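Just so it is clear, the structure is predicted and the values come from calculations on it, not from any experiment. By convention in this document, chain letters (A, B, ...) are assigned in the order of the sequence lines, proteins followed by strands, and residues within each chain are numbered from 1.
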There are 2 protein chains.
Amino acid sequence: MNIGKASKNCGLPSKTIRYYEEIGLVQPLRGANGYRDYSETDVHQLKFLQRARRLGFSIEECRDLLSLYQDTGRASADVKALTEAKLSEVDKKIAELQALKTTLSRLAEACQGNERPDCPIIDDLAGGPR
Amino acid sequence: MNIGKASKNCGLPSKTIRYYEEIGLVQPLRGANGYRDYSETDVHQLKFLQRARRLGFSIEECRDLLSLYQDTGRASADVKALTEAKLSEVDKKIAELQALKTTLSRLAEACQGNERPDCPIIDDLAGGPR
DNA sequence: GCTTGACCTTCCCGTGACTGGAAGCTTTAC
DNA sequence: GTAAAGCTTCCAGTCACGGGAAGGTCAAGC
């Protein structure tokens with residue numbers, strides 16, 4: 001099938017699919033007219049990539065997952081390890097954002113938000129008293 | 001003072017300081033030898049930028065904050081609005097990451113992590129039964 | 001005066017993961 | 001027959017810098 005149909009079937013924009021081919025993730029056959037010709041297997045792999053990316057795996061991690069996916073003899077431990085590493089990254093990011101949220105909330109609460117120029121947020125940014 | 005000293009004083013790498021000049025954030029004078037010459041005011045503004053960036057404000061938001069900082073007649077409400085917008089962005093990102101965490105945890109728990117090839121994580125990515 | 005090394009300058013390329021757009025094919029629909 | 005849709009490649013841009021090359025400047029030591 002052409003790239004347009006493949007795009008509809010896997011949920012990725014054509015541009016992204018071409019990009020994935022360029023970096024060697026999913027390489028379709030070509031028709032006599034030079035058009036890309038995607039098999040069902042190709043589309044499965046594109047769907048796979050779409051889900052993995054949505055779960056926050058990087059392209060390089062996706063490449064690993066895809067080769068594990070294709071390797072029917074893989075150990076499930078390998079996949080689990082990748083997932084758990086990603087999980088701890090997510091935890092770390094959440095913690096950072098929570099800290100950021102605390103700081104911003106404190107600043108916003110301290111600020112009157114009126115027409116006057118006094119602003120604890122600006123003062124804090126300027127390095128004023130904590 | 002030269003860029004190296006300014007860098008030490010504000011906590012930003014020289015590369016970043018040059019970049020901020022390039023995009024019109026903080027533009028120092030130049031000495032006869034062509035070296036950048038940072039005033040105390042410049043360094044204050046660089047420090048301000050460093051803190052705001054650390055709090056997750058984008059460069060364009062920093063530009064706004066900086067002009068509010070420089071405008072001693074600003075209304076604190078303007079600053080508060082910017083902060084609260086950023087706060088709700090942070091909230092949204094946290095919620096997304098929490099959802100992601102739930103999915104990843106569920107997958108990791110379902111996976112035995114042994115030498116056998118059965119892997120619910122791969123199955124899920126491949127579009128298997130939910 | 002000379003050398004050494006630290007510091008400064010500009011310029012260009014690379015990052016990650018695409019996205020937009022231009023110029024030019026092919027195919028499809030009416 | 002023609003117009004529109006869809007496909008191709010290629011180039012440039014995104015964001016916020018970082019790395020590194022090639023070359024100018026400055027301060028210290030001999």
Side-chain angles (χ1 to χ4, degrees), chain A residues 1-39 42-43 45-66 82 85-86 89-90 93 96 100, chain B residues 1-39 42-43 45-66 86 89-90 93 96 100:
Chain A
M1 77 191 79
N2 285 348
I3 197 170
K5 194 154 175 240
S7 165
K8 261 172 210 148
N9 288 351
C10 75
L12 291 168
S14 305
K15 277 277 189 184
T16 302
I17 297 177
R18 289 199 195 94
Y19 174 67
Y20 286 174
E21 178 184 0
E22 193 189 330
I23 62 174
L25 282 182
V26 175
Q27 274 153 332
L29 297 172
R30 295 288 181 133
N33 54 10
Y35 284 18
R36 290 166 177 84
D37 185 12
Y38 289 89
S39 69
D42 291 334
V43 171
Q45 298 195 5
L46 288 170
K47 271 188 200 164
F48 180 98
L49 287 170
Q50 191 259 344
R51 292 198 192 90
R53 289 286 300 133
R54 209 176 45 196
L55 285 183
F57 290 95
S58 75
I59 288 286
E60 286 316 304
E61 285 163 344
C62 285
R63 200 189 294 276
D64 292 346
L65 282 170
L66 199 57
L82 215 50
K86 182 53 61 177
E89 263 179 52
V90 169
K93 242 181 225 168
E96 274 170 28
L100 179 54
Chain B
M1 79 190 77
N2 285 348
I3 197 170
K5 194 152 176 238
S7 167
K8 260 171 211 150
N9 288 350
C10 75
L12 290 168
S14 304
K15 277 277 188 183
T16 302
I17 298 177
R18 290 199 192 94
Y19 173 68
Y20 286 174
E21 177 183 2
E22 193 189 329
I23 63 173
L25 281 182
V26 175
Q27 275 153 331
L29 297 172
R30 295 286 181 136
N33 53 11
Y35 285 18
R36 289 168 178 83
D37 185 13
Y38 290 90
S39 69
D42 291 332
V43 172
Q45 298 195 5
L46 288 171
K47 271 188 199 166
F48 180 98
L49 287 170
Q50 191 259 343
R51 293 198 190 89
R53 289 288 297 136
R54 210 175 42 195
L55 285 183
F57 289 96
S58 74
I59 290 285
E60 285 317 303
E61 286 163 343
C62 284
R63 200 189 294 278
D64 292 345
L65 283 170
L66 198 58
K86 181 53 62 180
E89 261 179 54
V90 170
K93 241 179 226 169
E96 275 170 27
L100 179 54

(request) Measure the shortest side-chain to side-chain distance between A/Asn9 and A/Met1 over non-hydrogen atoms and say whether it is less than 4.5 angstrom. (result) yes

(message) Looking at every heavy atom in both A/Val26 and A/Leu49, which two are closest together, and how far apart are they?
(response) CG2-CD1, 3.8 Å

(message) Taking the basic N atoms (NZ, or NE/NH1/NH2) and the acidic carboxylate oxygens, is any pair closer than 4.0 Å for A/Arg18 and A/Glu21?
(response) no

(request) In whole angstrom, give the distance that lies between atom CD1 of A/Ile17 and atom C1' of D/dG6. (result) 14 Å

(request) Anything under 4.0 Å to a heavy atom of chain B counts; send over the first and last such nucleotide of DNA chain C, read 5' to 3'. (result) C/dC7 to C/dC11

(message) Using a heavy-atom cut-off of 4.0 Å across all strands, would you classify B/Ile3 as base, sugar-phosphate, or nothing?
(response) sugar-phosphate

(request) Would you check if B/Arg30 and B/Asp37 make a side-chain contact, meaning some heavy-atom pair closer than 4.5 Å? (result) no

(request) List the steps and the verdict of side-chain contact (heavy atoms from CB on, under 4.5 Å) for B/Tyr20 and B/Arg53. (result) CA-CA 12 Å; B/Tyr20 286 174; B/Arg53 289 288 297 136; 3.6 Å; yes

(request) Measure from CD on A/Glu22 to P on D/dC10 and round the result to the nearest Å. (result) 10 Å

(message) Nearest whole Å is fine: how far is D/dT8 C1' from A/Glu21 CD?
(response) 11 Å

(message) Between the side chains of B/Glu96 and B/Lys93, is the shortest nitrogen-to-carboxylate-oxygen separation below 4.0 Å, so that they form an ion pair?
(response) no

(message) Please tell me if A/Arg36 has a side-chain N or O lying less than 4.0 Å from either OP1 or OP2 of D/dC7.
(response) no

(message) My understanding is that only residues two or more places apart in sequence, or in another chain, count here; which of them pass side-chain contact (heavy atoms from CB on, under 4.5 Å) with B/Tyr35?
(response) B/Asn2, B/Asn33

(request) Answer yes or no: is there a donor N or O on one side and an acceptor on the other, between the side chain of A/Lys86 and the main chain of A/Phe57, under 3.5 Å? (result) no

(request) Would you mind building the protein contact string for nucleotides 12-22 of chain D? One character per nucleotide, 5' to 3', B for base within reach (heavy atoms under 4.0 Å), S for sugar-phosphate only, - for untouched. (result) ----BBSBB--

(message) Both B/Asn33 and A/Tyr35 contact DNA chain C. Which one's nearest nucleotide lies toward the 5' end?
(response) B/Asn33

